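Below: the structure, in structure tokens.
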Amino acid sequence: MRGWITDPSAPGGLRLADDFAEPEPAANELLLEVRAYAINRGETFLLQQRPEGWRPGQDVAGVVVRAAADGSGPREGARVVGVVDWEGWAERVCVPSHWAAELPDGVSFEDAASLPIAGLTALRALRVGAPILGRRVLVTGATGGVGQFAVQLAVAGGADVTAQVSGPEREAEARELGAHHVVSSLEDESLGPFHLVLDGVGGETLTHAVHRLAKDGVAATYGTLGGPAQLGLMDFRNSGGASVRGFFFAEPLETRGDDLATLARFVAAGSLRPRLGLVRDWEQTREAIQALRDRDVRGKAVLAHS
Ligand SMILES: NC(=O)c1ccc[n+]([C@@H]2O[C@H](COP(=O)([O-])OP(=O)(O)OC[C@H]3O[C@@H](n4cnc5c(N)ncnc54)[C@H](OP(=O)(O)O)[C@@H]3O)[C@@H](O)[C@H]2O)c1
């Protein structure tokens, strides 16, 4: 079987191998024929951290070639989206049945593959501030992989959504996502006060966002692309009672499939439109990783099996 593996002697430290053993699913795992997968920014970091011989790949969509032996999850032949811990950048992969969801008709494998980590992060981080109906929500890095889903889901959830983007050239994209207000900088003291902030940028962006929190507001910090934030007591002087909460998409494990089903349903209904900034054949995975590292991708980078 073919799949990508880390190899320091290969270009970009990644090699497309053709000699993997067929995956052997556990009783609660289905065997998926992968039709498309997405690359997450976080995976570009993992590639540099993991040892030689590591097999990456977390976001997958495809067809079930063997249902889980214990009878759980999608049936054989079903089109599904799934999330795995690794080994998804391959022809086939084992997926825990409760980490997969059947796709409604009309949702493409490419759109589906964009959903798992970025979509789960956006959906679950918005729940940190639930209910958001009628409340002010700020999404930083709003045209990124997570940000584009967060803006759309917050709008669909009835929030008044402010999108912070990296520069004026990204503002039109944020408006297309449905954001009610779009800014490049958070230094304007008239912004907010925000009930909820979703932040994957960190650094000064998070510090400014904390200054714009409402008194009961919460900033869910899920990434630090711009470095760690410097925060102290006086950063909360206008918002005593507000909090900053570290957020990880992974938990709860047991409802990942349910949440993926929700995201896929939103896509089918048209209330969530994945922005695919790059779609290539999976043999061009290395080029896609480089584009993501160079910040050349608007939204998600997806690789498809031809
Ligand atoms: N905690 C969790 O469970 C979790 C889950 C998912 C992701 N993450 C982390 O969250 C972060 C964002 O993930 P993502 O997939 O949304 O990434 P992404 O697709 O690369 O998007 C990043 C967004 O942040 C903006 N940005 C602002 N300052 C930046 C800087 N200094 N470097 C790079 N981008 C910057 C980018 O602007 P441009 O459009 O100008 O590039 C883009 O809009 C990553 O650090 C990732 O590892 C964590």
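Quick caveat, the model's predicted, so the values are computed rather than measured. Start at 1 and go down the list; that is how both ligands and their atoms are numbered.
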For this session: Would you sort out whether Thr6 and Trp54 count as a side chain to side chain donor-acceptor pair (under 3.5 Å), showing the intermediate values?
Result: CA-CA 5 Å; Thr6 55; Trp54 181 65; over 6 Å; no
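- Remark: the backbone N or O of Ile117 is paired with a side-chain donor or acceptor of Thr121 at under 3.5 angstrom.
- Considering only non-hydrogen protein atoms, atom 12 (C) of ligand 1 sits nearest to Leu225 CD1, 3.7 Å.
- Nearest to atom 43 (O) of ligand 1 by heavy atom, out of Pro116, Gly144, Gly226, Ala125, is Gly144.
- Salt-bridge formation is not detected for the pair Arg135/Asp160: no Lys NZ or Arg NE/NH1/NH2 atom is positioned less than 4.0 Å from an Asp or Glu carboxylate oxygen.
- The residue among Phe149, Tyr222, Phe248 with a heavy atom at the shortest distance from atom 48 (C) of ligand 1 is Tyr222.
- Between Ala250 and ligand 1, no N or O atom pair is found at a separation short of 3.5 Å.
- If you look at Thr143 next to ligand 1, the close heavy atoms, those under 4.0 Å, come from the backbone and the side chain alike.
- If you number the atoms of ligand 1 from 1 as listed, the ones under 4.0 Å from a heavy atom of Gly145 come out as 16 (O), 18 (P), 19 (O), 21 (O).
- Of all protein heavy atoms, the one lying nearest to atom 40 (O) of ligand 1 is Ser166 OG, 2.5 Å.
- At a cut-off of 3.5 Å, with distance as the only test, a side-chain donor of Asn40 or Glu43 sits close to an acceptor on the other residue.
- Annotation for ligand 1: atoms under 4.0 Å from non-hydrogen atoms of Gly42 are 47 (O).
- Between Phe247 and ligand 1, at least one pair of N/O atoms sits closer than 3.5 Å.
- Distance from atom 5 (C) of ligand 1 to its nearest protein heavy atom, with residue and atom name: Thr121 OG1, 3.1 Å.
- Remark: minimum distance from atom 3 (O) of ligand 1 to any protein heavy atom is reached at Phe249 N, 2.7 Å.
- Each of Leu272, Asp59, Thr262 was scored for a side-chain contact (heavy atoms from CB on, under 4.5 Å) with Leu115, with one residue passing: Leu272.
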For this session: Assess whether salt bridge (Lys or Arg N to Asp or Glu O under 4.0 Å) is satisfied between Arg298 and Glu169, documenting all intermediate values.
Result: CA-CA 12 Å; Arg298 312 283 169 92; Glu169 67 283 5; over 6 Å; no
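- The closest side-chain donor-acceptor pair between Asn28 and Ser72, if any, does not fall under 3.5 angstrom.
- Of all protein heavy atoms, the one lying nearest to atom 32 (N) of ligand 1 is Arg295 NH1, 3.4 Å.
- The side-chain contact (heavy atoms from CB on, under 4.5 Å) with Pro23 is formed by just one residue from the set Val95, Val93, Leu32, Leu31; it is Leu31.
- Ion pairing between Asp85 and Arg55 fails under the 4.0 Å rule for side-chain N and carboxylate O.
- Contacts between Lys300 and ligand 1, counted as non-hydrogen atom pairs separated by less than 4.0 Å, are absent for every part of the residue.
- With respect to atom 25 (C) of ligand 1, the closest heavy atom belonging to the protein is Gly141 CA, 4.0 Å.
- From the protein, the heavy atom lying nearest to atom 17 (O) of ligand 1 is Arg41 CB, 3.4 Å.
- Ligand 1 lies nowhere less than 4.0 angstrom from a heavy atom belonging to Asn40.
- Using modelled atom types, one finds no donor on one side chain facing an acceptor on the other under 3.5 Å when comparing Ser108 with Arg35.
- Near Gly200, meaning under 4.0 Å from any of its heavy atoms, are these atoms of ligand 1: 11 (C).
- Side-chain contact, His211 with Asn238: no donor N or O sits under 3.5 Å from an acceptor N or O.
- Protein heavy atom closest to atom 28 (N) of ligand 1, with residue, atom name and distance, is Val201 CG1, 3.7 Å.
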